[in-house]
Amino acid sequence: MKSALELTNVSVNYGTVSALEGVNLTIPKGSRTAIVGPNGAGKSTLMKAILGLEKPSSGHVSLLGKDENLDSLIQKKVAYIPQSNQVNWQFPATVFEIVLMGRFAHIEGWLKQPSKLDREMAHAALEKMNLQDLAHRQIDQLSGGQRQRVFIARALAQEAELYLMDEPLAGIDRLTETIIMDTLKNFQKEGKTSIVVHHDLTSLNTYFDYLVWVNRRVIASGDMTTTLTTEHYQEAYGVVDRIFLTNEGGHDGV
Ligand code: ADP
Ligand code: MG
């Protein structure tokens, strides 16, 4: 199995909070992978650790067969679509400008002037996401579904190999859901890998072929057919309930 990503014994802390502990994970190249787990399980942190946005306190990340100096590889080859509530939508930029930013890592020269080709690629990505009529609109004037498609268009313009999406279907319309999921299928046909934090367990089987259960550590990972089990669900979602009750204190009468 060729892998897109390998994490070895990765731990991430925020001050005294341990968000991830000893995570070992391999994601196959060309897979459509879902990451699931309860709120606060460390799913967003996992994405940020992969992207180098949060530095692990220990462990090692290897991406697309590379072990070291991952920054420029990430800029060129890894597209990230953050959780919508972590984005500053007041940022003064148009839809076209945001999508053109996807070309940034490819633009040569210290002036970083986008070429005609860069602009054409940004327009093509907008058309694929059915956003061409909104190209000059400010991003604070978009619906949730349109915003999500802007990010996907930027990812398309970037021509990445690995796509990391953090809850892309949260708060969007059905049409956008279909567009995003068709896009993941097309990525797969091109041998590209998608890793998606997903909150709807009922659609896992339809949309993804590889699954990772997370709750501070990786509970299980593997092909969807063998890994989507009640046991893993209980282990991932049950444990956090107990932690929650303990943290709240007094619920169990102690
Ligand atoms: P998920 O995406 O699965 O809901 P997160 O990765 O956002 O989980 O968070 C995991 C844990 O780390 C939670 O307990 C959360 O409160 C904590 N956390 C996340 N980001 C920060 C931060 N910037 N500072 C402090 N704690 C954080
Ligand atoms: Mg999250």
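Both counts, for ligands and for their atoms, begin at 1 and track the order of listing.
Note that atom 15 (C) of ligand 1 has no protein non-hydrogen atoms nearby, at separations under 4.0 angstrom. Protein heavy atoms are found less than 4.0 angstrom from atom 3 (O) of ligand 1.
Ring orientation note: the planes of Phe187 and Tyr163 are close to parallel, at an angle under 30° on the 30°/60° scale.
Between Lys43 and ligand 1, at least one pair of N/O atoms sits closer than 3.5 Å.
Those atoms of ligand 1 that come under 4.0 Å of a heavy atom in Thr45, given as number and element, are 5 (P), 6 (O), 9 (O), 10 (C). Heavy-atom proximity to Asn39, at under 4.0 Å, picks out these atoms of ligand 1: 4 (O).
Ligand 1 lies less than 4.0 angstrom from a heavy atom belonging to Pro38.
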Under the side chain to side chain contact (heavy atoms under 4.5 Å, CB included) rule, what do Leu134 and Gln146 come out as? Steps first, then yes or no, please. CA-CA 9 Å; Leu134 300 177; Gln146 289 165 342; 3.6 Å; yes
Apply salt bridge (Lys or Arg N to Asp or Glu O under 4.0 Å) to residues Lys192 and Glu161 and explain how you reach the verdict. CA-CA 5 Å; Lys192 298 175 170 184; Glu161 290 290 319; 5.3 Å; no
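Among protein heavy atoms, the minimum distance from atom 8 (O) of ligand 1 is reached at Gly42 N, 3.2 Å. Here the heavy atom of the protein found nearest to atom 22 (C) of ligand 1 is Tyr14 CD2, 3.5 Å. Looking from atom 10 (C) of ligand 1 to the surrounding protein, the closest heavy atom is Gly40 O, 3.5 Å. The nearest heavy-atom contact from the protein to atom 7 (O) of ligand 1 is Ser44 CB, 3.8 Å.
Between the side chains of Thr183 and Asn186, no donor N or O sits under 3.5 Å from an acceptor N or O.
For the pair Asp166 (side chain) and Pro82 (backbone), a donor-acceptor distance under 3.5 Å is absent. In this structure, the side chain of Arg32 does not engage the main chain of Ser194 through any donor-acceptor pair within 3.5 Å. Side-chain atoms of Thr178 come within 3.5 Å of backbone atoms of Arg174 as a donor-acceptor pair (strictly under, hydrogens ignored).
At least one N, O or S atom of Ser44 sits under 2.8 Å from the Mg ion (ligand 2). Among the atoms of Thr45, none of the N, O or S atoms falls under 2.8 Å from the Mg ion (ligand 2).
The cluster map of Ile, Leu, Val, Met, Phe, Trp and Tyr, joined by side-chain heavy atoms under 4.5 Å apart, puts Met47 and Leu20 in the same cluster.
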